[in-house]
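As the structure lists them, so they are numbered: ligands from 1, and atoms in each ligand from 1. Model, not experiment: these values are computed from the prediction. Numbers for residues simply follow the sequence, beginning at 1.
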Amino acid sequence: MSEFRGKRIVLGVTGGVAAYKAAELVRLLVKAGAEVDVAQTAAGAQFVGAATFQALTGRRVWHGLWDERMDSGMAHIDLTRGAAALLVAPATADFLAKLAHGLADDLLSTLCLARDCPLLVAPAMNRQMWENPATQRNIAQLRLDGVSILGPAYGEQACGELGDGRMLEAGELFDDLYASLQAKPFAGKHVLLTAGPTFEALDPVRGLTNSSSGKMGFALARACVDAGAEVTLIAGPVSLATPRGVRRVDVQTALQMRAAVMQSLPGQNVFIGVAAVADYRPRQTAPHKIKKGPGSLTLELEANPDILAEVAALPDAPFCVGFAAESRDLAAGAEGKRVAKKLALVVGNLVQDGLCGDTNAVTLFDAAGAHGLPLADKSEVARGIVAHIVALLGGQHVQH
Ligand code: C5P
């Protein structure tokens, strides 16, 4: 994880019980390479102590306007200089109201006014406070002022009530913050992906499948959203959380995957087939468990459609990208598939490098040749693939 390498984030913590999630967010950011400066309001300091944030960030926590640690004596200005973003999480109803009116009577509100970096807020409050017209007015004003509002989520609240107003979870805030800092070369583009394995039932409990984890496809879906695309992900059976902002359709079999792809296809600019689709399915699925017998068992299989080849052959086909997982002769296998399926790009990898793990080493095969990407986290590999697709769509030859 190196999403925030070289970036400094200023995190404002105001007085809400969700401040405990801010501590977890700091941990995630630091793990991803960020330097984090925490500024607490007086109320914020009532919930999670400065010692916690100091230990997590390795840096002193900022509180007052009159803090003398900054040589200039102007912490309220200097703290956000050079920062990638200022995120207030949790942001209380009171703090949002101050922000909407430009009040600046403590360090954090002054930082918000005097900043020259993007401002994001993660509201956290009781559902009635959130729904109150005053809060909604303030939120609308903040949106107009260019402030990004992250959440809130619906769910159980500290007061025991159920509704909108829960602060997003730390991982969600991390994803949203990261996405907000990315360039948006895919803005206005629609991307459709398949991911994971398919499962072809033999009987009610058994089936044919393969060991694809879906991680590469999900990482790509996220990278496409981060790059500004509208993303639809057709997922086989995997146990992965849906990346934020992705429309997900769950399927089991190759035929269901094909149907979901065809239904979602109109209007798509890019189709990326990452799924490890079963090449064959049982000719028949037994309605009850197949019983063990004394002899051998013969299964009759029939071929599944090749979804990617079918999409690529359409007269108005989107820009098509395939994956080729080979156990040997990567270049011959991957380039062969690219030509045979008429694809703009094939992402090839050796199964021993990528299957089910969190890292992958891939080579990109396009009309101009082969381009290797170094072994990296699947999320980083996904960003490299997206950058390559963006460049190809823009008509550029790419050197990695
Ligand atoms: O021919 P092979 O299965 O190795 O090709 C892999 C590529 O084709 C992947 O992008 C995969 O998602 C896609 N594919 C497909 N439908 C199939 C088989 C493969 O879309 N039935």
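Across all non-hydrogen atoms, the minimal contact from T242 to F218 is CA-CE2, 4.4 Å. Residues L373 and V381 approach most closely at CD1-O, 4.0 Å, considering heavy atoms. Taking each heavy atom of F186 and V390 in turn, the nearest pair found is CE2-CG2, 3.8 Å.
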Residue pair D366, H371: steps toward the side-chain hydrogen bond (donor to acceptor under 3.5 Å, both in side chains) verdict: CA-CA 8 Å; D366 61 22; H371 319 262; 3.0 Å; yes
Residues V61, Q40; criterion side-chain contact (heavy atoms from CB on, under 4.5 Å); working and verdict: CA-CA 7 Å; V61 171; Q40 288 181 301; 3.6 Å; yes
Trace of the side-chain hydrogen bond (donor to acceptor under 3.5 Å, both in side chains) decision for Q268 with H190: CA-CA 5 Å; Q268 300 290 344; H190 293 252; 5.0 Å; no
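Screening T198, T253, N304 for a side-chain hydrogen bond (donor to acceptor under 3.5 Å, both in side chains) involving R281 leaves a single residue, N304. Checked options V17, L96, N132; the residue passing with M125 is L96 (criterion: side-chain contact (heavy atoms from CB on, under 4.5 Å)). The residue from D176, D226, D175 that alone fulfils the salt bridge (charged side-chain N to carboxylate O under 4.0 Å, His left out) condition with R244 is D176.
Counted by atom type alone, T232 and R248 present zero donor-acceptor pairs between their side chains at under 3.5 Å. For the 3.5 Å distance criterion, the side chains of S109 and D106 qualify, holding a donor opposite an acceptor.
Between E326 and ligand 1, not a single N/O pair is under 3.5 Å apart. Taking any N or O of A278, backbone or side chain, none lies under 3.5 Å from an N or O belonging to ligand 1. Any N or O atom pair closer than 3.5 Å counts here, and L308 shares at least one such pair with ligand 1. Considering backbone and side-chain atoms alike, A276 places every N or O at 3.5 Å or more from each N or O of ligand 1. Geometrically, ligand 1 and V321 share no nitrogen or oxygen pair separated by less than 3.5 Å. For ligand 1, the polar-atom distance check against F323 finds a nitrogen or oxygen pair separated by under 3.5 Å.
The residue N304 has no part lying near ligand 1, judged by heavy-atom distances below 4.0 Å. Under 4.0 Å from ligand 1, not a single heavy atom of A309 appears.
Look at A325 and you'll find every heavy atom at least 4.0 Å from all atoms of ligand 1. For R258, the closest heavy-atom approach to ligand 1 does not fall below 4.0 Å.
Atom 4 (O) of ligand 1 has as its closest protein heavy atom K337 NZ, 2.5 Å. Scanning the protein for heavy atoms near atom 10 (O) of ligand 1, the closest one is G273 O, 2.4 Å. Of the protein's non-hydrogen atoms, P305 O, 2.8 Å is the one closest to atom 21 (N) of ligand 1. The nearest heavy-atom contact from the protein to atom 5 (O) of ligand 1 is K341 NZ, 2.9 Å.
The residue from L343, V277, V346, I307 that puts a heavy atom closest to atom 18 (C) of ligand 1 is V277.
Against a heavy-atom cut-off of under 4.0 Å, G322 is close to the following atoms of ligand 1: 10 (O). Numbered from 1 in the order shown, with element, the atoms of ligand 1 that lie under 4.0 Å from a heavy atom of A275 read 11 (C), 12 (O).
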